[in-house]
Amino acid sequence: MKGHISIAIFVCLCLCTRVFSQTLVQGKEEVKQSGAILNNLDTLMTLWYVKNATPVKNRNSQNIYKYKPEEVPSFSDSVYAHRLRMIPSPLPFAYNETVRAFIDLYANRKRDQVEKMLGLSEIYFPIFEEVLDRNKMPLELKYLSVVESALNTRAESRVHATGLWQFMYTTANLYNLDINSFVDQRKDPVKASEAAALLLKDLHGIFGDWFLAIAAYNCGPGNVNKAIRRSGGKRTFWEIYPYLPAETRGYVPAFIAAAYVFHYHREHNLYPQEVTLPKFVDTVMIYKEISFQPIARVLDITVEELRDLNPEYTRDIIPARGMSYALRLPAAKASAYTLYKDSIYHTYSAMLVAANPKYNPNDSSGIAQVTFKGGKGPENYGPKAIVKYTVKSGDNLPFIADLFDVSVYSLKRWNHVGRHKIGVGKRLTIDVPADKASYYRKINTMTTLQKKKEIYGRLHEPPEVKVAAKEEKVDKPDSTVVIASATPAPVKEDKKIVSKKDKKTAVKQPVEKVEKAEKDKTEEVAVETRASIKYYTVQKGDTLWSIAQRFPGVTVDEIKKANGLRGNQKIMVGQKIKILKS
């Protein structure tokens, strides 16, 4: 009798093992067939702000389980099932081998991507939660975007579903997302989230079940209804599971696994990585057509950053003609936009005229003529080269940025630097125009004095020797500019300079004396004795930046220094501004 019992137990164990192995294989097969999910995880890693993500500073404090840095914890099925039941949600998070296969994908195989998505979630989840809460929907639906796009605003599927929530063109139109030659609101985190919430709410109204609504979000309500009919009228996801399209069979399990891993990431030794996108942004409304280039120039940010914060503008143009559009900016830059708006549009008009002399701002026939070709500085389009620069004593990021005609933001992004102060000896990588690479490479061999003179435009523009101090009107349309020579040289001594050779000698001597002096104070005195002083009367709408643009080679910092202006001190209409000009 005992022998028969032993044989029966053995047979049962074999059958259970076979069933378990079959379900495990089936779960892994569902992962393999989820091509869109796997592709999104890989595509996410191509974004520069994701590639440059860094571990959070409080990583150690989050490591409450005292894991080793490279440790990958594993748990039993009972632990996974218990944890899913403990998530406070109205959604019935079931556990099976297909769910476990996707938990393994996120928690073990794609750990780096998950840590980067955890960092991105700090930016996007508050947007999703606000929309879901306002519509009285389960907040856990936010994890659907992890499955849909891996939190990549630029994600695009093989069938051209686009954005964080992967809207098809026709569905986007149904839910009032604007798509035209310049705008694709499927990539707008706020607008697309609003539309996704309405779509999910409508699908839930059809099926009365959130998991069926999620399945219909993936394959369409028609396919879900077909699966319900084939199952004999069953009304839950797991009951109609075998009758759904192959990709959708893995879709809901992936959603459950994403909810699990994001909720229990610390238990798996996973922590957010900080992406370089600013967490604190503000929105300004644009009521008049503008492109990214003048905004970037005036506010001292890059076009790339504007693109990443506003991916819905597909051609770097905000086509605000007859309607308003929102523009997201880093919080600190949003207030600056309000202050410098006039300068931004003045710069835009100048760029349009430079690109197309026939440009007519009153012509509303189209926006095709606002595409720019090149421009000053390596921040613009064109072939690039990479140069190296070794940080010297006294250097800081703003100073180096001025030297290489790039923004501080770009320097930080290229070199993973968080502060203006950087260590002496650090090697920086800098993108420059390919045709000027040899010029920028020479900067690394310059002395501190030579670099300062380079910023002030001294190396390529030798100072002129003035005959006498006098004032004269500038022969230009703007009669408010007056030139006064600051050279104290006597008239009798200057009359001796009659030939070009004598002039070169007279210029060369003070320059050689200055090159021997390495102290800033000495340099400032030498610079001022060789400079012309121009006086400019501040007009309505002027800013220090717009004034600096009127005088090639003059920077805002130079104007501040020449006039004793500090910080963000304002200038007044009618105020006389002194300009030191070589």
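Residue indices begin at 1 and follow the sequence shown. All values below were derived from every heavy atom in this structure, side-chain atoms included, with hydrogens, water molecules and symmetry-related copies excluded.
The salt bridge (Lys or Arg N to Asp or Glu O under 4.0 Å) test applied to Glu267 returns no partner, not counting sequence neighbours. Judged as a salt bridge (Lys or Arg N to Asp or Glu O under 4.0 Å), and not counting sequence neighbours, the contacts of Glu130 are Arg134. The side chain to side chain donor-acceptor pair (under 3.5 Å) test applied to Asp282 returns no partner, not counting sequence neighbours. Judged as a side-chain contact (heavy atoms from CB on, under 4.5 Å), and not counting sequence neighbours, the contacts of Lys191 are Leu177, Gln185, Asp188. Annotation: side-chain contact (heavy atoms from CB on, under 4.5 Å) contacts of Pro245 (sequence neighbours excluded): Cys219, Asn223, Thr248. With sequence neighbours excluded, the residues that form a side-chain contact (heavy atoms from CB on, under 4.5 Å) with Glu140 are Ser89, Pro90, Leu91, Phe93, Pro138, Tyr143. In this view, Glu129 and Lys142 satisfy the salt bridge (Lys or Arg N to Asp or Glu O under 4.0 Å) rule, not counting sequence neighbours. Listed by chain and number, the residues in a side-chain contact (heavy atoms from CB on, under 4.5 Å) with Ile179 are Tyr169, Ala172, Asp184, Arg186 (sequence neighbours excluded). Qualifying ring pair (Phe, Tyr, Trp, His ring centres under 6.0 Å) partners for Phe255, counting only residues two or more places apart in sequence or in other chains: none.
Arg100 has no carboxylate O lying under 4.0 Å from a charged side-chain N of Asp104, or vice versa, which leaves the two without a salt bridge. Using a cut-off of 4.0 Å between Lys/Arg side-chain N and Asp/Glu carboxylate O, Arg235 and Asp209 are scored as not salt-bridged.
Across Ala257 and Phe102, no two heavy atoms sit closer than the pair CB-CB, 3.5 Å. Nearest approach of Ser193 to Val131, heavy atoms of both residues: O-CG1, 3.7 Å. Looking at every heavy atom in both residues, Phe128 comes nearest to Ser145 through CE1-OG, 3.1 Å. Counting all heavy atoms, side chain and backbone alike, Asp316 lies closest to Gln293 at O-OE1, 4.3 Å. Closest approach of Ser335 and Ala332 over heavy atoms only: OG-O, 3.3 Å. Residues Val147 and Ala258 share a closest heavy-atom pair of CG2-CB, 4.3 Å.
Of the possible polar contacts, one joining the Asn269 side chain to the Glu71 backbone as a donor-acceptor pair under 3.5 Å is found. With hydrogens and angles disregarded, a donor-acceptor distance shorter than 3.5 Å links the side chain of Arg249 to the backbone of Leu244. Side-chain N or O atoms of Tyr80 include none that pairs as donor or acceptor with a backbone N or O of Ile103 at under 3.5 Å. The main-chain N or O of Arg83 is found under 3.5 Å from a side-chain atom of Tyr264 such that the two form a donor-acceptor pair. At least one donor-acceptor pair under 3.5 Å links the side chain of Glu115 to the backbone N or O of Tyr271.
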In sequence, state the C-alpha distance, the side-chain angles, and the governing distance for Val146 and Val114, and then conclude on side chain to side chain contact (heavy atoms under 4.5 Å, CB included). CA-CA 9 Å; Val146 173; Val114 168; over 6 Å; no

Test side chain to side chain contact (heavy atoms under 4.5 Å, CB included) applied to Leu199 and Leu174, step by step: CA-CA 9 Å; Leu199 175 54; Leu174 286 174; over 6 Å; no

Run the side chain to side chain contact (heavy atoms under 4.5 Å, CB included) check on Tyr325 and Tyr313 step by step: do they pass? CA-CA 10 Å; Tyr325 284 94; Tyr313 299 114; 3.1 Å; yes

Evaluate side chain to side chain donor-acceptor pair (under 3.5 Å) for Thr302 paired with Glu305, printing each intermediate quantity in order. CA-CA 5 Å; Thr302 65; Glu305 186 178 9; 4.6 Å; no

For side chain to side chain contact (heavy atoms under 4.5 Å, CB included), just list the numbers for His265 and Gln62, CA-CA rounded to whole Å, side-chain angles, deciding distance to a tenth of an Å, and then say yes or no. CA-CA 10 Å; His265 64 89; Gln62 292 193 35; 3.9 Å; yes

Would Glu70 and Arg111 count as a salt bridge (charged side-chain N to carboxylate O under 4.0 Å, His left out) if you check the C-alpha gap in whole Å, the side-chain angles of each, and the deciding distance to 0.1 Å? CA-CA 11 Å; Glu70 302 302 323; Arg111 291 176 64 81; over 6 Å; no

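Atom CG of residue Leu200 and atom CE of residue Met137 lie 5.0 Å apart, to the nearest 0.5 angstrom. Atom OG1 in Thr276 sits 11.5 Å away from atom CD in Glu304 (nearest 0.5 Å). Within the model, atoms CD of Glu97 and CG of Asp77 stand 5.5 Å from one another, a figure rounded to the nearest 0.5 Å. The distance from atom OH of Tyr175 to atom CD of Glu194, rounded to the nearest 0.5 Å, is 13.5 Å. Atoms CG and CG, from Leu270 and Leu118 in turn, are 6.5 Å apart once rounded to the nearest 0.5 Å. Distance check: Asn218 CG to Gln166 CD gives 10.0 Å after rounding to the nearest 0.5 Å.
Sparse packing is recorded around CD1 of Ile386, with 12 or fewer heavy atoms of other residues, nucleotides or ligands lying under 6.0 Å away.
The side-chain heavy atoms of Tyr337 and Val298, taken from C-beta on, include no pair separated by under 4.5 Å. Side-chain contact between Tyr260 and Val99: absent, with no pair of heavy atoms (C-beta onward) separated by less than 4.5 Å. The shortest side-chain heavy-atom distance between Arg297 and Ser343 does not fall under the 4.5 Å cut-off. Contact of the Asn173 side chain with the Thr170 side chain is not registered, since no non-hydrogen atoms from C-beta on lie closer than 4.5 Å. Within the 4.5 Å cutoff, the side chain of Asp308 has no heavy atoms near those of the Thr153 side chain. Counting heavy atoms from C-beta on, the side chains of Ser157 and Glu148 never come closer than 4.5 Å. At a threshold of 4.5 Å between non-hydrogen side-chain atoms, the residues Tyr348 and Ser291 count as touching.
For an aromatic pair to be called close, the ring centres must be under 6.0 Å apart, and His268 with Tyr67 fails this. Within the 6.0 Å centre-distance limit, the rings of Phe125 and Phe262 are counted as a close aromatic pair.
Exactly one residue among Val281, Asn310, Leu309, Leu306 makes a side chain to side chain contact (heavy atoms under 4.5 Å, CB included) with Leu329. That residue is Leu306.
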Below 3.5 Å, can you tabulate the donor-acceptor pairs from side chains in residues 224-231 to any protein atom, sequence neighbours excluded?
residue	atom	partner	partner atom	Å
Asn225	ND2	Pro221	O	3.3
Ser231	OG	Ala227	O	3.3
Ser231	OG	Ile228	O	2.8
Ser231	OG	Lys234	N	3.2

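For residues 277-297, no pair satisfies ring pair (Phe, Tyr, Trp, His ring centres under 6.0 Å), with sequence neighbours left out. The ring pair (Phe, Tyr, Trp, His ring centres under 6.0 Å) contacts involving residues 199-234 comprise His204-Trp210, where partners must be two or more places apart or lie in separate chains.
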